[in-house]
Structures are given as C-alpha cells and as structure tokens.
Amino acid sequence: MSETAHVREVGPRDGIQMVKTMLTTERKLAWCRGAAAAGIGEIEVTSFVPPKVIAQFADAEEVARGALTIGGFRPSVLVPNLKGAERAFALGLPQVNYVLSASEAHNLANVRRGTEESLVDFGRIAALRDQRSGPRIALASGIATAFGCTISGAVDEGRVVEIARRLVDMGADEIIVADTVGYGDPGQVRRLLKAVIAAVGRVRVSCHFHDTRGLGLANVTAALETGVRTFDASLAGLGGCPFAPGATGNIDTEDTVFLLEQLGFDTGVDLDRLIALRREVESWLPGERFSGAIARAGLPKTYRHARAA
Ligand code: COA
Ligand code: ZN
C-alpha cells in the first residue's frame with residue numbers, strides 16, 4: 001500500500017491574482033470541475049477580498065456557491081480579515097483559509113496592519129466560527145513570507161513557530177507554511193517544518209511553495225522528509241502575491257503530482273487529464289508566463305501511478 005499525499009490546487013485563487021485577463025465565473029468553475037475530475041481532492045476556489053483590492057475576485061460569492069455544487073472535492077477560500085471570513089461562513093464552505101505574514105513589512109503591505117493585529121483578528125474569526133451552529137468549518141491559516149521577505153529580508157524562524165503555535169491555540173485546524181516569494185531552500189524547509197510540526201503537531205501542517213528561484217520541488221522533497229503530506233500548487237505554475245515585490249508563480253501542479261507519484265505517494269490524480277486541463281487554462285490566459293516540465297516534455301514511458309506500482 002502506497003502512502004497518500006495531497007495536492008491542493010490554488011490556481012483559481014493564487015494563480016489568477018496577478019494575471020491580466022479577467023476570467024469569467026464559468027471558466028473559474030470549469031477549472032474546479034476539471035481539476036476535481038482529474039482527481040484533485042482540495043481546491044482553493046477564490047478569495048474574499050474587496051473587489052477594489054483585487055478585481056479578479058469580484059465574483060467570489062458566485063464562484064464559491066458554484067464550487068459547492070460541483071462535489072467530489074473539498075472547496076476552500078482565502079480570507080484576509082474578519083469581514084472576508086463572515087462572507088465565507090455565510091456560504092457554508094467546509095474550509096476557510098486565513099492569511100497573515102510572518103514579516104511585519106509584508107503584512108502591512110498585504111493587509112494594511114501589523115502581524116499582531118492580524119493575530120487578534122484571527123482570534124475573532126475563530127470565535128465567530130465556534131459560535132456558529134451547523135457543521136464545523138475547518139479554519140486554516142497561512143503564514144506568508146515564512147522563509148524570507150522581498151521587502152524586509154530575513155524572517156526569524158522562531159517568530160514563525162510562535163505564530164503557528166498561537167494560531168493553533170486560538171483554534172486553527174491547519175497551518176499552511178508559505179514561501180510567498182521563493183526564498184526557501186531545502187535545508188531551511190527541513191529545519192523550519194520540523195520546528196513547526198514539533199510545536200503544533202496535532203494539526204495538519206501543509207506547505208505553499210513558490211518556484212521563483214527554482215527550488216520549489218526540491219523544497220517539496222525536503223518537506224516530505226519532515227512528514228508534510230499536503231502541498232499547494234497551481235496549474236501551469238501560475239500565481240504570485242500582488243503585494244510582494246518580485247513574486248512569481250506557485251509550484252506547478254502537474255510537476256508536483258509527478259514528483260509525488262514518482263516518490264511513491266498516491267495523489268489520486270490522473271496526470272493526462274490534468275495536463276489536458278492545463279492546456280485549456282493556458283488558452284484562457286494569453287500573454288501569461290507558464291511553467292512546468294511535464295506539460296512541455298510529456299510523461300516518461302516508464303511512468304506508473306504510485307497506487308499501481
Ligand atoms: N471583503 C469585502 N469587503 C471588505 C473586506 C472583505 N474581505 N474587508 C474590508 N472590506 C471593505 C470594508 O467594508 C470597507 O468598505 P467601505 O469602504 O465601503 O466602508 C473597505 O473594504 C475598507 O475596509 P478596511 O477594513 O479599512 O480595509 P483596508 O482598506 O484596510 O484593507 C484588506 C484591508 C485586508 C481588506 C485589504 O488589504 C486586502 O484585501 N488585502 C488582501 C490582499 C491579498 O489578497 N493578497 C494576496 C493574497 S496573500
Ligand atoms: Zn502564494
């Protein structure tokens with residue numbers, strides 16, 4: 001029996017934050033439908049930010065409602081504050097992903113307040129979640145710029161661990177350790193993830209890597225060594241934070257699935273279907289930079305699903 005690993009598609013959120021084309025709601029939902037049909041089990045489908053901050057997400061409610069009707073995968077949404085969480089809770093989504101930054105400077109640029117204020121806001125969100133009746137909503141929190149910041153440089157690892165611990169103490173069900181600007185390397189990933197897991201091991205710890213400096217997949221293997229089994233990725237390697245200077249794409253979903261399967265982890269994903277979807281998504285986004293080796297070179301003749309091996 002092979003061990004399972006999870007790839008969460010974040011293309012309909014992170015992937016389209018900086019693209020020039022406004023995708024229609026129907027195409028965003030086609031992305032979700034296609035990824036789910038290819039076997040992706042979790043998708044971050046949209047972002048509950050004000051449309052004046054990121055116009056791409058003006059249809060967030062419609063996308064989230066539509067995603068809930070598709071079925072076959074677990075939809076989540078990104079929220080930057082209490083107001084965003086209220087919008088998400090109202091729709092009955094099973095999971096909501098909050099975001100704050102370990103870097104004070106990036107937190108100020110991204111959500112216009114300090115990291116401590118964002119932590120207080122998370123406490124309010126968790127309290128609101130706990131007061132609600134109905135099925136329990138899972139609350140994740142991303143810790144952005146956990147490996148360094150393009151505005152302020154180095155980020156203290158002890159600070160990242162402290163933030164993770166405080167989020168879990170307040171009710172976080174998952175910690176998403178995020179390399180927003182692609183500063184992390186495998187040694188740093190091994191060190192930081194070990195420390196975060198030791199501090200909050202009772203909740204799921206996942207990783208969100210950007211491949212800005214080419215170490216994205218190396219960082220995945222390093223995180224696997226520490227026990228991480230959930231990775232955010234974006235089809236065609238799209239993505240990037242508009243409020244982090246120099247940010248570029250997430251690790252590519254197809255390449256991440258390929259790596260995990262080659263290492264013997266069952267992702268449940270059909271790569272041929274995923275590559276077909278990627279081609280479709282590429283056709284919707286003229287002029288964007290796409291990355292990923294598997295879509296370019298094709299799967300090797302020797303490729304076998306981990307489940308079949
Ligand atoms: N959704 C919709 N509207 C929101 C909102 C949300 N999540 N949060 C705030 N608003 C509205 C407020 O109601 C207010 O509306 P009004 O002007 O009509 O009264 C207005 O937006 C300003 O609210 P305020 O609380 O002062 O927000 P702000 O201007 O300080 O901006 C954030 C703070 C967090 C909303 C903004 O910085 C943001 O959206 N950041 C996210 C950036 C991002 O997505 N980065 C990439 C992902 S990591
Ligand atoms: Zn990101």
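We count ligands from 1, going down the list as the structure has it; atoms in each ligand are counted the same way. Counting begins at 1 with the first residue of the sequence.
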Any protein N/O atoms within less than 3.5 Å of an N/O atom in ligand 1? List the atom names and distances, or say none.
from: ligand 1; atom 1: 1 (N); to: R87; atom 2: NH1; distance (Å): 2.8
from: ligand 1; atom 1: 7 (N); to: F48; atom 2: O; distance (Å): 2.8
from: ligand 1; atom 1: 7 (N); to: N81; atom 2: OD1; distance (Å): 3.0
from: ligand 1; atom 1: 7 (N); to: G84; atom 2: N; distance (Å): 3.3
from: ligand 1; atom 1: 8 (N); to: N81; atom 2: ND2; distance (Å): 2.8
from: ligand 1; atom 1: 29 (O); to: R112; atom 2: NH1; distance (Å): 2.6
from: ligand 1; atom 1: 31 (O); to: R112; atom 2: NH1; distance (Å): 3.4
from: ligand 1; atom 1: 37 (O); to: N110; atom 2: O; distance (Å): 3.3
from: ligand 1; atom 1: 40 (N); to: N110; atom 2: O; distance (Å): 2.9
from: ligand 1; atom 1: 45 (N); to: N110; atom 2: OD1; distance (Å): 2.7

Side-chain donor-acceptor distances from residues 236-249 under 3.5 Å, at least two apart:
from: T248; atom 1: OG1; to: T212; atom 2: OG1; distance (Å): 2.8

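No hydrogens or angles considered: a donor-acceptor pair under 3.5 Å links the side chains of S206 and E174. A donor-acceptor contact closer than 3.5 angstrom links the side chains of S118 and R113.
For the pair D266 and E3, the minimum side-chain heavy-atom distance is 4.5 Å or more.
Around the Zn ion (ligand 2), the protein contributes the following N, O or S atoms at distances under 2.8 Å: D14 OD2, H208 NE2, H210 NE2.
V160 and L108 fall into different hydrophobic clusters, defined by Ile, Leu, Val, Met, Phe, Trp and Tyr side-chain heavy atoms under 4.5 Å apart, directly or through other members. Under the 4.5 Å side-chain heavy-atom criterion for Ile, Leu, Val, Met, Phe, Trp and Tyr, F231 and I40 are members of the same hydrophobic cluster. Hydrophobic clustering, with ILVMFWY side chains joined whenever heavy atoms are under 4.5 angstrom apart, groups L100 together with V168.
In this structure D232 satisfies the side-chain hydrogen bond (donor to acceptor under 3.5 Å, both in side chains) test together with R8, H208, sequence neighbours excluded.
A donor-acceptor pair under 3.5 Å links the side-chain atoms of T253 to the main chain of L235, judged by distance alone.
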